[in-house]
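Below you'll find the structure, written out as structure tokens, and then a few comments.
Reckoned from all heavy atoms, side chains included, excluding hydrogens, waters and symmetry mates.
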Amino acid sequence: MRLKESLFSFFIRTLLALIMFFSISIYLSDDENYFASKDFFFSSNIDFSYIKSKLNVLMGEYLGIGGEQFVTSEKLNYKDVIKVDDSYYFTTDYNYVLNNLASGVVIFIGEQNKLGSTIIISSDDGTNYWYSNIENINVNLYDYIEKGVIIGSTIGNSFYLTLEKNGEYLNYEDYI
């Protein structure tokens, strides 16, 4: 039964993607429409968290949005915090399981200079949460994840947390 639901969800998502693709292609085939929308698409940032929140309201579970996630109620436990540049270096237990601190969209997964393996989550209020020096990543790019969802574990006994909003780096004490 689960396979049938999964295939139906995949079929619906594929059909919607094709409809959107052809609609946009037809719209942009006219030169006036193309030049009018070019600035919007190529000179601005698309807010995926806003789009995702509106899709959840409009379409809900029908399209398979918001599937099952592993959640723990554990708060961030750490032994020591040191400010390093614009980040905070947290000392924790070995292979400490990290939970997301705020609901939002995963906008980056990869390597960052001096920080190592990093996940950046853009929260609903516009704050970017950077979790660095982590492994066993349990989220995918552009996933919308709720607060408290497990995102990965630390490499060794430490990780970096960077909080950024509108180009300014924030103090961790206001968000934990």
Under 6.0 Å from the CZ atom of Phe10, do we count more than 12 heavy atoms belonging to anything else shown? no
Looking at Asp30, I'd like to know if its CG atom is crowded, meaning that more than 12 non-hydrogen atoms belonging to other residues, nucleotides or ligands lie closer than 6.0 Å. yes
Test your reading of the model: is there a side-chain donor-acceptor pair from [X] to the backbone of [Y], 3.5 Å cut-off?
X      : Y      : value
Ser25  : Ser23  : no
Asp85  : Ser87  : no
Asn133 : Tyr160 : no
Lys83  : Asn171 : no
Ser158 : Phe90  : no
Thr154 : Tyr96  : yes
Glu164 : Gly167 : yes

Under a single-linkage definition using a 4.5 Å side-chain heavy-atom cutoff for Ile, Leu, Val, Met, Phe, Trp and Tyr, are Ile119 and Tyr169 assigned to the same hydrophobic cluster? no
If hydrophobic clusters are built from ILVMFWY residues whose side chains come within less than 4.5 Å, do Leu115 and Ile155 share one? no
Can you tell if the side chain of [X] reaches within under 4.5 Å of the side chain of [Y], non-hydrogen atoms only?
X      : Y      : answer
Tyr172 : Val81  : yes
Thr127 : Tyr129 : yes
Thr162 : Asn128 : no
Ile120 : Tyr131 : no

Validation row, ring centre Phe159 to ring centre Tyr89 under 6.0 Å: no
Pair Ser153-Asn136, side-chain donor/acceptor within less than 3.5 Å: yes
